[in-house]
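The structure appears right after this line, and notes come after that.
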Amino acid sequence: MSRLIIVYGIIAGAIVVGIMFLGGFFMGDPEHLSEPYGMLIGFASMILSFSTIFVAIRSYKMQFAPNDMTFLKGLQIGLLITVVASLIYVAGWMYYSSVYAPDFMENYVQAIIEEYDKSDASPEEKAAHKEQLISDMELYNTNPLYKMFITFTEIFPVGLIISLIAAPIFMSRKK
């Protein structure tokens, strides 16, 4: 099972990181990643990459548990693939953001502030929001562990949801 998890986890990680780099290349300016279509491409690439979970669970069931595949075993496979792919994604983002998009967070925060300034919030709420965003940005930019944690939490929930969908699809039905 560990070989299956590593292989499919690496494939999933390679897909999502590959799309990240290709997206940055084709979109030109890396700051476009913060725009809505950049986020759409990002989440679509995560969903596409985690489609490997379906293939992996099916493969495991066909090889090792054709009549005895449990929900928990499917979920375990999916979550372990998610962890492997998420760690690859974190490594890819750490490299990408340091080399190709070092100002990503500043541009992202600035876009959020500009959008929030258009809202009906009071000046005090706007100031507090801006202060919090700037504080979070400084922590993100100065603490690599925090940056890795935030990046991991971007992708892991997507894999969790897909694992929760895939596991019951492939579990063996009791007769």
Side-chain angles (χ1 to χ4, degrees), residues 9 11-54 71 74-75 78-169:
I11 292 169
I15 291 170
V16 75
V17 170
I19 292 172
M20 177 195 323
F21 278 86
L22 286 173
F25 176 74
F26 286 114
M27 292 171 70
D29 188 8
E31 282 70 34
H32 288 301
L33 292 173
S34 64
E35 295 181 12
Y37 56 84
M39 288 174 35
L40 178 65
I41 291 169
F43 282 109
S45 71
M46 291 175 195
I47 292 168
L48 174 66
S49 73
F50 286 131
S51 66
T52 60
I53 290 171
F54 289 94
F71 171 80
L75 184 62
L79 289 179
L80 290 171
I81 290 169
T82 298
V83 169
V84 171
S86 297
L87 292 173
I88 292 169
Y89 175 74
V90 168
W93 177 250
M94 295 300 285
Y95 177 78
Y96 185 87
S97 65
S98 67
V99 174
Y100 299 105
D103 297 332
F104 171 80
M105 188 51 74
E106 289 83 356
N107 295 327
Y108 183 68
V109 166
Q110 185 60 38
I112 292 172
I113 290 170
E114 288 172 6
E115 193 63 32
Y116 194 72
D117 282 344
K118 296 175 187 175
S119 73
D120 294 335
S122 71
E124 295 81 19
E125 290 173 323
K126 289 178 183 179
H129 186 253
K130 181 178 179 178
E131 183 179 320
Q132 182 63 50
L133 285 171
I134 290 171
S135 173
D136 291 346
M137 175 188 65
E138 289 170 0
L139 183 59
Y140 183 87
N141 285 336
T142 60
N143 186 335
L145 291 176
Y146 179 76
K147 184 176 183 177
M148 286 186 247
F149 173 75
I150 294 298
T151 305
F152 189 86
T153 62
E154 288 173 11
I155 190 168
F156 185 81
V158 178
L160 172 63
I161 291 168
I162 291 176
S163 296
L164 288 168
I165 293 169
I169 291 174

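Here the structure is a predicted model, which means the values were calculated and not measured.
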Can you list everything that forms a side chain to side chain donor-acceptor pair (under 3.5 Å) with D117? Sequence neighbours excluded, please. none

Minimum heavy-atom separation for F152 and S86, please, with both atom names. CE1-CB, 3.3 Å

side-chain hydrogen bond (donor to acceptor under 3.5 Å, both in side chains): which pairs involve residues 152-165, sequence neighbours left out? Y89-E154

Residues forming a ring pair (Phe, Tyr, Trp, His ring centres under 6.0 Å) with F43, sequence neighbours excluded: none

Of all the heavy-atom pairs spanning K147 and S97, show the shortest one and how long it is. NZ-OG, 2.8 Å

Ring pair (Phe, Tyr, Trp, His ring centres under 6.0 Å) involving F54 - partner list, sequence neighbours excluded: none

Taking C-beta and beyond as the side chain, do F50 and V16 meet within less than 4.5 Å on heavy atoms? no

Contacts of S122 meeting side-chain contact (heavy atoms from CB on, under 4.5 Å) (sequence neighbours excluded), chain-then-number -> E124, E125

For the residue pair A166 and I53, what are the closest heavy atoms and their distance? CB-CG2, 4.0 Å

Could you tell me which residues satisfy ring pair (Phe, Tyr, Trp, His ring centres under 6.0 Å) with F71, sequence neighbours excluded, listed by chain and number? none

Over 60° means perpendicular and under 30° means parallel, so classify the ring planes of F104 and Y108, tilted if in between. parallel

If the condition is side-chain contact (heavy atoms from CB on, under 4.5 Å), which residues does P157 pass it with, not counting sequence neighbours? none

Taken in chain and number order and not counting sequence neighbours, the residues that satisfy side-chain contact (heavy atoms from CB on, under 4.5 Å) with E106 are D103, M137, N141

Apply the test side chain to side chain contact (heavy atoms under 4.5 Å, CB included) to residues L160 and T82: give CA-CA distance (whole Å), side-chain angles for both, the deciding distance (0.1 Å), then the verdict. CA-CA 7 Å; L160 172 63; T82 298; 5.6 Å; no

Heavy atoms, side chains only, cut-off 4.5 Å: are I161 and F156 in contact? no

Give me each pair satisfying ring pair (Phe, Tyr, Trp, His ring centres under 6.0 Å) with a member in residues 117-150, each pair once, sequence neighbours excluded. Y116-H129

Tell me every residue that passes side chain to side chain donor-acceptor pair (under 3.5 Å) with S45, counting only those two or more places apart in sequence or in another chain. none

Not counting sequence neighbours, which residues clear salt bridge (Lys or Arg N to Asp or Glu O under 4.0 Å) with E115? List them please. K118

Results of side-chain contact (heavy atoms from CB on, under 4.5 Å) for I88 - residues two or more places apart only: I10, V17, V84

